[in-house]
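All figures in this text were calculated on a predicted structure; none of them were measured in a lab. Note that ligands are numbered from 1 as they come in the structure, with each ligand's atoms numbered from 1 the same way.
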Amino acid sequence: MGRVLDAVIVAAGMGTRMLPVSGYVAKEMLPLVDVPVMHHLILEARAAGCTRIHIITSPAKDFSLLLEDMNSKFPSFSNDQSLLNPLGEAEYFIHYQHEQLGLAHAISMASESISGPFLVLLGDNILTSNHASSSSFEPSSVSTDLVLLHQETGCACGSVYDVGPDSVHQYGIVSLDGDTVQSIVEKPNKEDALSTLAFCGRYIFTDDFSALLDRFSVDEHGELQSIAILKHWMDEGNLRAHVLDSTVSWYDSGMPLVWLTSQIDHALRRPEYGDELTAWLNQRLNQS
Ligand code: UTP
């Protein structure tokens, strides 16, 4: 079984729900308090053992500063050198998606430079249990757990998160037998949902992905091409899920209110801000 050495971070979307800011700054570069989303993702992928990082972008976005080592520019910052040079020793690749035709199409931009199974990370989704200050930043272990599940099973895998019954209509909902995926339903009604577990933006795709792109074409499936490919793996009994526990927070920089609550939730858990922010919020709420 191939090792998971490649990570693909998809970040080519238009980000229309985050306009106007996304017209100037990629939503994948927005800070969760003081650490950009992209830094969380790159360091999570590297912690999972990936040494080749692929960023899928569009000509309208600029991730070039990520390629610079900023440590010499800001010598006084932090104990953790990786936050000023997240790519570090990793090999990196920038791929352009010129038409935004969905997740599988975005990943396909990197296909020719990947061999073997690979990690996929949605560029605007952070999944983490870590809320340390930036000086002692720790990457999320969600991708590490997914790589371990792939190593045990040899199968394609996805992380899933319990979103609760009131939110199932917004997500791809899966039902499981053990860790084997039995069904995937896109955005079901609350009444019809077989579970409350949603795919949450971390996957391992197996090396048959490129061949499946032709079989489940973007012309036929549009933005649901990735779901068609996941369902194919499921039908073959080759799709596993890792259920995230309740210590993991799911933060999304793709929508203003969700991103606002993400920032507050994370800041409340940060040791250096939690108490003061709590006091300020209490005072502010008592005023209204
Ligand atoms: P989203 O569908 O949430 O992002 O994709 P979007 O299309 O940018 O959002 P809106 O609807 O315009 O507001 C999740 C992730 O997948 C990337 C996005 O950049 C985002 O990080 N993506 C999405 C691509 O790279 N290519 C695509 O064709 C679609």
Side-chain angles (χ1 to χ4, degrees), residues 6-32 35-45 53-64 66 86 92-114 118-128 140 142-143 158-161 163 167 169-173 186-187 198-205 209 213 216-230 250-262:
D6 291 89
V8 180
I9 303 176
V10 289
M14 306 280 281
T16 50
R17 284 168 294 173
M18 284 300 276
L19 284 168
V21 66
S22 53
Y24 298 86
V25 180
K27 61 181 170 173
E28 295 84 1
M29 286 304 291
L30 292 176
L32 183 65
V35 177
V37 179
M38 203 52 120
H39 289 51
H40 280 268
L41 303 187
I42 291 169
L43 293 168
E44 177 183 329
I53 309 293
H54 303 257
I55 298 173
I56 315 295
T57 182
S58 83
K61 289 178 160 178
D62 183 6
F63 291 107
S64 59
L66 276 177
Y92 60 81
F93 305 80
I94 304 289
H95 307 274
Y96 289 95
Q97 184 192 27
H98 291 272
E99 266 187 294
Q100 278 58 53
L101 299 178
L103 174 62
H105 182 263
I107 298 167
S108 73
M109 301 297 118
S111 293
E112 284 188 3
S113 26
I114 292 175
F118 56 94
L119 175 66
V120 175
L121 304 97
L122 291 196
D124 54 0
N125 279 217
I126 294 174
L127 291 145
T128 190
S140 166
V142 167
S143 289
S159 301
V160 295
Y161 195 88
V163 295
S167 300
H169 63 283
Q170 300 174 54
Y171 299 101
I173 298 297
E186 264 299 281
K187 303 182 177 173
F199 280 130
C200 56
R202 298 291 183 277
Y203 303 93
I204 305 285
F205 281 8
F209 172 74
L213 285 169
F216 302 96
S217 72
V218 72
D219 290 341
E220 189 183 343
H221 295 278
E223 289 207 346
L224 295 181
Q225 185 183 21
S226 58
I227 296 290
I229 293 173
L230 287 164
W250 185 1
Y251 299 144
D252 185 339
S253 68
M255 289 169 283
L257 184 59
V258 178
W259 189 231
L260 182 62
T261 55
S262 300

Identify the protein heavy atom lying closest to [atom], giving its residue, its atom name and the separation to 0.1 Å.
| atom | value |
| --- | --- |
| atom 28 (O) of ligand 1 | G102 N, 2.8 Å |
| atom 2 (O) of ligand 1 | R17 NH2, 3.9 Å |
| atom 15 (C) of ligand 1 | D124 OD1, 3.7 Å |
| atom 21 (O) of ligand 1 | E28 OE2, 2.8 Å |
| atom 23 (C) of ligand 1 | G13 CA, 4.1 Å |

Is a side-chain donor or acceptor of K61 paired with a backbone partner of G13 at a separation under 3.5 angstrom?
->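 Side chain of K61 to backbone of G13: a pair is present.
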
Below 4.0 angstrom from a heavy atom of [X], which ligand 1 atoms are there? Numbered from 1 as shown, please.
| X | answer |
| --- | --- |
| A106 | 24 (C), 25 (O), 26 (N) |
| G123 | 21 (O) |
| L101 | 28 (O) |
| Q97 | 24 (C), 25 (O), 26 (N), 27 (C), 28 (O) |

Shortest reach to [atom] by a heavy atom, considering only [options]:
| atom | options | answer |
| --- | --- | --- |
| atom 6 (P) of ligand 1 | K27, H95, Q100 | K27 |
| atom 12 (O) of ligand 1 | L122, T16, V37 | T16 |
| atom 16 (O) of ligand 1 | V10, L121, V8 | V10 |

Counting only heavy atoms not in E223, do more than 12 sit closer than 6.0 Å to its CD atom?
-> no

So F118 and F205, would you call those rings parallel, tilted or perpendicular, with 30° and 60° as cut-offs?
-> perpendicular

Is there a donor-acceptor contact under 3.5 Å linking the side chains of Q225 and H105?
->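 Not at all, the side chains of Q225 and H105 share no donor-acceptor pair under 3.5 Å.
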
